[in-house]
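One structure is given below, encoded as structure tokens.
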Amino acid sequence: MNLPLLIGIIIVYMAIMSWLAYLGNKQTRTAEDYLVAGRRIHPLVMALSYGATFISTSAIIGFGGASALYGFGMLWLAFLNIIVGIFVAFAVFGVRLRKMSSNLGATTFPTLLGERYQSKFITVFSGLMIFLFMPAYTSIVLIGGGRFLQETLKVDFNIGLMLLAIIVGLYVITGGLKAVMYTDAFCALVMTVGMVFLLFSSYSAVGGVINGHEGLSAMRDLVPQALAEQGHRGWTAMPEFGSPLWWTLVSTLIMGVGIGVLAQPQLAMRSMTVTDNRALYRAVLIGGVFMFFMTGTAFMAGPLSNLYFHETQGKISVDVAGGNIDLIMPIFINQIMPEWFLYLFTLTLLSAAISTISSLIHVQGAAFGEDILKTLGVKSAKGSLNLSKIGVLIGVVAAVILAYILPGSVIAQATAFWFGICAAGFLPALIGALYWRNATRAGAAASIVTGFAVSIFGFLFLHQKEAAAIGLSKALFGKETLLPYPWTHVDPLFYAFPIAAVVFVTVSWLTRASIAPVREQIQRSFAGLGGSVSAESREAGKM
């Protein structure tokens with residue numbers, strides 16, 4: 001690789017990113033500008049920013065590597081990403097999120113929930129969960145970017161990781177969400193070009209679509225014995241129904257991320273940045289096409305890498321990567337691509353890392369400054385905006401520390417962990433906030449606490465991968481998990497979300513009399529969304 005040329009290309013790329021960040025900073029004058037981009041973002045920019053935030057190095061490197069292990073079954077996640085992550089998120093949830101956040105003057109995800117339910121506890125607790133647990137997700141995006149730089153530029157992993165963290169921290173602190181979204185949109189364009197080339201190059205490397213799929217199907221007998229015993233039936237077939245591998249693929253990777261996307265604070269905020277519903281509808285097509293090339297490409301190239309490595313080295317992907325699936329895609333890309341493409345794809349991975357990390361760090365900073373400290377009455381001489389910037393610094397440091405602590409092959413699993421606990425903790429209360437006028441403050445608070453508590457309990461004491469790694473169950477009870485199979489492989493989302501939903505409905509019904517005093521607030525929340533507080537609510541207030 002011509003390193004001086006690559007460095008020159010990166011300098012030009014960073015100059016463009018810096019100019020966009022400067023534009024964002026120049027247009028950032030108020031807290032609303034910093035937190036929700038002034039609610040005047042163009043739908044094209046919003047859709048590309050949303051997609052770039054959603055699709056990180058976690059999707060390309062981590063989930064691409066996971067698909068190399070599990071096979072084409074991962075494409076179900078690409079399907080959910082388009083249907084749920086784009087269509088439902090924009091056209092169903094997004095239109096109500098945009099209007100309700102505007103009605104309530106909410107500029108963050110926790111503030112929206114807190115204002116809707118008139119609860120400081122919900123705002124602070126939600127902000128605290130984001131501030132405490134989101135660094136785990138941020139760190140694995142850093143790891144993905146660092147691993148690619150390690151394989152492509154042959155730089156030390158630690159140096160690559162620190163460079164990414166410093167660059168992102170500077171963008172977010174100076175420009176707020178406008179700078180983040182402008183740079184995200186540019187990153188999305190670079191990512192699209194890179195992934196389109198990768199899709200066609202991957203199939204070309206294995207002899208085309210038909211030869212590639214037939215050759216991969218014929219490799220079924222090469223599945224390692226340990227994987228076959230867990231239900232692996234080849235890279236072009238789903239794992240055996242009900243097997244350990246099936247539960248991991250379906251409950252954790254597909255459903256955890258595919259459903260959890262609706263409750264992602266950094267993604268939900270994007271709907272608050274546009275001026276009207278038409279902008280959200282227009283963003284659906286753009287976002288859908290982008291998502292197809294991002295996730296579809298990664299989940300097709302991953303399995304095909306097994307055929308390529310078998311034909312060229314006589315090994316399957318996981319063996320070539322030395323057992324670390326996070327290295328499969330970097331190695332595959334570096335071997336099949338011409339030198340000029342590696343330059344482009346280096347920018348693609350940088351874009352994926354920077355766009356997602358910047359959004360995550362921005363949300364963590366807002367959670368610290370706006371949702372926690374400002375709600376609790378803590379003030380700064382320079383206002384809550386200054387507190388948010390302090391939160392950004394803390395978030396960056398926390399993510400870097402975790403990136404050094406976490407083990408290998410962790411990217412996909414850690415992503416599913418974050419998406420899963422968000423779905424269990426936030427989704428019932430969010431759906432209630434947007435659609436159910438009889439939902440109560442007590443019901444929402446109980447649901448959020450229950451969802452997070454059950455999820456975390458599941459990861460600590462039931463789900464084998466995390467429980468064994470953390471070791472708390474072993475230390476307290478003398479065994480890695482408290483329940484036998486299949487609970488050891490069922491993602492906590494599968495039971496935490498239903499439990500949280502039942503708690504939400506039950507407690508709301510039991511406390512329905514509490515709706516009467518806040519009827520005007522409910523009416524204000526739903527202004528422009530149709531309907532009114534039900535007769536049942538009014539009667540409850542007379543009881």
Side-chain angles (χ1 to χ4, degrees), residues 24 28 30-41 46 49-50 53 89 93-94 96-135 137-138 172-173 175-181 184 261-274 356 358-380 383-395 418 422 425-427 429-430 433-434 441 444-445 448 452 521 525:
T28 299
T30 66
E32 187 173 64
D33 288 336
Y34 186 87
L35 295 169
V36 288
R39 303 185 194 273
R40 295 185 301 273
I41 288 292
M46 192 281 286
S49 173
Y50 177 98
T53 301
F93 276 30
R96 301 182 79 86
L97 270 169
R98 185 202 66 79
K99 182 61 177 174
M100 188 171 287
S101 68
S102 179
N103 291 343
L104 298 174
T107 54
T108 69
F109 182 80
T111 302
L112 173 67
L113 292 177
E115 288 293 323
R116 163 65 180 87
Y117 291 113
Q118 288 291 279
S119 170
K120 287 187 177 181
F121 170 79
I122 289 177
T123 301
V124 173
F125 184 81
S126 299
L128 191 62
M129 291 299 98
I130 291 170
F131 190 67
L132 289 178
F133 290 107
M134 189 178 276
Y137 179 34
T138 310
V172 179
I173 288 175
L177 192 59
K178 282 191 176 182
V180 168
M181 294 186 74
D184 281 356
V261 61
L262 293 175
Q264 287 296 291
Q266 74 278 9
L267 299 179
M269 287 181 65
R270 294 300 186 271
S271 298
M272 303 179 188
T273 63
V274 294
T356 300
S358 61
S359 296
L360 296 176
I361 293 296
H362 176 271
V363 170
Q364 289 171 61
F368 180 79
E370 288 288 316
D371 304 324
I372 301 173
L373 297 185
K374 183 180 178 181
T375 304
L376 292 175
V378 177
K379 297 181 179 180
S380 167
S384 61
L385 193 59
N386 189 53
L387 295 175
S388 295
K389 292 180 178 181
I390 294 173
V392 168
L393 289 175
I394 297 173
W418 169 246
C422 280
F426 291 137
L427 196 51
L430 177 62
L434 298 177
R441 173 170 50 196
I448 292 172
F452 276 103
Q521 172 71 4
S525 300

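In this view, Tyr117 satisfies the ring-ring contact (aromatic ring centres under 6.0 Å, His included) rule with no residue, not counting sequence neighbours. Arg116 meets the side chain to side chain contact (heavy atoms under 4.5 Å, CB included) test with Met100, Leu104, Ala433, Ala439, Ile522, Ser525, Phe526; sequence neighbours excluded. Applying the side chain to side chain donor-acceptor pair (under 3.5 Å) test to Ser271 and every residue at least two apart in sequence or in another chain returns nothing.
Between Gly395 and Gln364, the shortest heavy-atom contact is CA-OE1, 3.5 Å. The shortest non-hydrogen separation linking Glu370 to Thr375 is O-OG1, 3.3 Å. Considering every non-hydrogen atom in both Phe109 and Ala268, the closest pair reads CD1-CB, 3.7 Å. The two residues Pro265 and Trp418 make their nearest non-hydrogen contact at CD-CZ2, 4.3 Å. Taking both residues in full, the closest heavy atoms of Tyr50 and Ala89 are given as OH-CB, 3.4 Å, listed atom of the first, atom of the second, then distance. Leu113 and Ile122 make their closest contact through CB-CG2, 3.8 Å (heavy atoms, listed as atom of the first residue, atom of the second, distance).
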One pair to check against side-chain contact (heavy atoms from CB on, under 4.5 Å): His362 and Gln266. What are the steps and the verdict? CA-CA 8 Å; His362 176 271; Gln266 74 278 9; over 6 Å; no
Let's go through Leu112 and Met272 carefully: what are the C-alpha distance in whole Å and the side-chain angles of both, what is the deciding distance for side-chain contact (heavy atoms from CB on, under 4.5 Å) to 0.1 Å, and is it a yes or a no? CA-CA 10 Å; Leu112 173 67; Met272 303 179 188; 4.0 Å; yes
Any chance you could lay out the side-chain contact (heavy atoms from CB on, under 4.5 Å) test for Leu430 and Leu262, step after step, and finish with the verdict? CA-CA 9 Å; Leu430 177 62; Leu262 293 175; 5.7 Å; no
Does the pair Ile130 and Phe426 meet the rule for a side-chain contact (heavy atoms from CB on, under 4.5 Å), with working shown? CA-CA 11 Å; Ile130 291 170; Phe426 291 137; 4.2 Å; yes
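At least one donor-acceptor pair under 3.5 Å links the side chain of Thr273 to the backbone N or O of Arg270. Under the 3.5 Å distance criterion, the side-chain polar atoms of Arg441 are matched with a main-chain donor or acceptor of Gln118.
A side chain to side chain donor-acceptor pair (under 3.5 Å) with Asp371 is found for one member of Thr107, Thr108, Thr123 and no other, namely Thr108.
To the nearest 0.5 Å, the span separating CD1 on Ile394 from CZ on Phe368 amounts to 4.0 Å.
Between Phe452 and Phe125, the ring planes lie perpendicular to each other; the angle is over 60°, past the 30° to 60° tilted range.
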